[in-house]
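Everything numeric here is computed off the predicted structure, so don't read it as measured data. Index from 1, following the sequence.
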Amino acid sequence: MARFTSLEQRIDEWAHRTLDRQTSPNQSRARAWAIEFTVFVLKQAWACVFGGALLAVLVLTRLWYPDSATLARNDFLVLAALTIQVLMVVFKLETLRELRVIILFHVVGTVMEIFKTDVGSWTYEGEGILHVFGVPLYSGFMYAAVGSYMVRVFRLFELRFDRYPRRWITAILAALIYVNFFSHHFIVDARWFLFAAVAVIYWRTVMHVRVSRARFRMPILVSFVLVALFIWVAENVATWSNAWVYPNQSDGWELVSIAKLGSWLLLIIVSVVLVTWVEKPRPPEVE
């Protein structure tokens, strides 16, 4: 996978020219760390551009979309999400290869949404015609936003891995996790077994992240938890904007249960496996 799209390459060159003017051989360690932190934040924001744009549309339509509009809000959200996705490709923020992975996220997510709404795990309110089995089609784009982040952060931070588990093992784990999202409604919930399996399989894996000039290391399990926490925060914003409603929110919005972190953690494993199955995880470069 290319490190940058053509647009990102131009931005990266500009950023490095700016950094070169701001740095010197005698700069303090604190200043160097400040630069690395700034670049880290900017790259994270860039990786989240699809999800951030979609979340902004959800919030804005929650506040200002007119109830009397001819086009139902749910249908507007579908068209807005589709427009964002097209613009991402047209303006070279995502590659066509990445788009194929994101479409896979869309399909996997939509199938889960159809099932979960049918069993009452959450509901969608509002009218519209761009639905499938009662699920508005913008729901799949929310999973696609997670996929977009995953493939972009993989590239932008040049992720490398020490002792990454064999991909066939992670594929089996991801399949079991995905099945459990459905099966726990009918048989025993195996999530605690799955949490243990995640810990055992990824315990020794260390992720190497390049920010600007420096490369940092982090246990991959820590990164899973941090991303799950970030998604949980975004989920609270999304449910406040009435993108979907949990049963405990039917009489008024309240904070999403912190227990949902576990579900997001497991979903992240599925997401990582989808990305790494297309792009083989590489070991750190010898410097």
**Q** Given the rule that I, L, V, M, F, W and Y join up when any side-chain heavy atoms are under 4.5 Å apart, are F182 and V188 in one cluster?
**A**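 Different clusters: F182 never reaches V188 through Ile, Leu, Val, Met, Phe, Trp or Tyr contacts under 4.5 Å.
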**Q** So, the side chain of S241 versus the backbone of A238: is there a donor-acceptor pair under 3.5 Å, distance only?
**A** yes
**Q** Tell me the closest heavy-atom pair linking F40 and V211, and the distance in Å.
**A** N-CG1, 3.5 Å
**Q** What orientation do Y164 and Y202 show, parallel under 30°, tilted 30 to 60°, or perpendicular over 60°?
**A** perpendicular
**Q** Are the side chain of D189 and the backbone of H184 linked by a donor-acceptor contact shorter than 3.5 Å?
**A**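 Flag not set: sc D189 to bb H184 has no pair under 3.5 Å.
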**Q** Could you tell me whether a side-chain N or O of R73 sits under 3.5 Å from a main-chain N or O of L58, the two making a donor and an acceptor?
**A**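 Flag set: sc R73 to bb L58 pair under 3.5 Å.
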**Q** Main chain of T123, side chain of T117: is a donor-acceptor contact present, judged purely on distance under 3.5 Å?
**A** no
**Q** Quick check: closest heavy atoms across P247 and S121, and the distance to 0.1 Å?
**A**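 Closest approach of P247 to S121, heavy atoms only: CD-O, 3.2 Å.
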**Q** Please check: side-chain N/O of D162 versus main-chain N/O of V206, any donor-acceptor pairing under 3.5 Å?
**A** no
**Q** To the nearest 0.5 Å, what is the distance between CD1 (I269) and CG (L176)?
**A**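 Result: 12.5 Å between the selected atoms.
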**Q** Within a radius of less than 6.0 Å around CZ of R204, do more than 12 heavy atoms belonging to other residues, nucleotides or ligands occur?
**A** no
**Q** Quick one, R152 and V49 - any side-chain contact, counting heavy atoms below 4.5 Å?
**A** yes
**Q** Report the residues that fulfil side-chain contact (heavy atoms from CB on, under 4.5 Å) with L60, sequence neighbours left out, ordered by chain and then residue number.
**A** W64
**Q** Establish whether L42 and F37 are linked, either directly or via other cluster members, by ILVMFWY side-chain heavy-atom contacts under 4.5 Å.
**A**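 No, it is not one cluster - the side chains of L42 and F37 are not joined through contacts under 4.5 Å.
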**Q** Not counting sequence neighbours, which residues clear ring pair (Phe, Tyr, Trp, His ring centres under 6.0 Å) with F230? List them please.
**A** none
**Q** To the nearest 0.5 Å, how far apart are CG in L221 and OG in S223?
**A**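 If I round to the nearest 0.5 Å, the distance is 7.5 Å.
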**Q** What are the two closest heavy atoms between R210 and K43, and how far apart are they?
**A** O-NZ, 3.9 Å
**Q** Do side-chain atoms of Q249 reach the backbone of E254 as a donor and acceptor pair under 3.5 angstrom?
**A** yes
**Q** Which value, rounded to the nearest 0.5 Å, describes the distance between L173 atom CG and L266 atom CG?
**A**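 L173 atom CG to L266 atom CG measures 8.5 Å (nearest 0.5 Å).
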**Q** Can you classify the ring geometry of Y124 versus Y138 as parallel (below 30°), tilted (30 to 60°) or perpendicular (above 60°)?
**A** perpendicular
**Q** To the nearest 0.5 Å, what is the distance between CG (L265) and CG (L194)?
**A** 10.5 Å
**Q** Between S148 (side chain only) and A145 (backbone N and O only), is there a donor and an acceptor less than 3.5 Å apart?
**A**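 Pair absent, no side-chain N/O of S148 close to backbone of A145.
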**Q** Can you hop from V225 to I268 via hydrophobic side chains spaced under 4.5 Å?
**A**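 In one cluster: no.
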**Q** Provide the closest heavy-atom pair for V256 versus T239 in the form atom of the first, atom of the second, distance.
**A**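 Here V256 and T239 meet closest at CG2-OG1, 3.7 Å.
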**Q** Ring of F181, cation from K116 - is the NZ or CZ under 6.0 Å from the centre and inside 45° of the axis?
**A**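 No, K116 does not lie over the aromatic ring of F181.
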**Q** Between the side chains of E98 and R155, is the shortest nitrogen-to-carboxylate-oxygen separation below 4.0 Å, so that they form an ion pair?
**A** yes
**Q** From M207 CE over to F157 CZ, what is the distance, rounded to the nearest 0.5 angstrom?
**A** 9.0 Å
**Q** Is the distance from the ring center of H106 to that of Y143 below 6.0 Å?
**A** no
**Q** Under a 4.5 Å side-chain heavy-atom rule over Ile, Leu, Val, Met, Phe, Trp and Tyr, are L130 and V132 clustered together?
**A** yes
**Q** What residue pairs, at least two apart or across chains, pass side-chain hydrogen bond (donor to acceptor under 3.5 Å, both in side chains) with a residue in residues 256-268?
**A** R191-S263, E235-W264
**Q** Tell me, yes or no, whether the heavy-atom count around R217 atom CZ, taken from other residues, nucleotides or ligands under 6.0 Å, exceeds 12.
**A**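 Open.
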**Q** Of all heavy-atom pairs between T205 and R163, which one has the smallest distance, and what is that distance?
**A**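 Nearest pair, atom of T205 first, then R163: OG1-O, 2.9 Å.
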**Q** Any side-chain heavy-atom pair from W244 and M142 closer than 4.5 angstrom?
**A** yes
**Q** Main chain of E125, side chain of N74: is a donor-acceptor contact present, judged purely on distance under 3.5 Å?
**A**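 Present.
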**Q** On a heavy-atom basis, which atom in F105 and which in A144 lie closest, and how many Å separate them?
**A** CB-CA, 4.2 Å
**Q** Please say yes or no: joined through hydrophobic side-chain contacts below 4.5 Å, possibly via intermediate residues, are V222 and F154 part of one cluster?
**A** yes
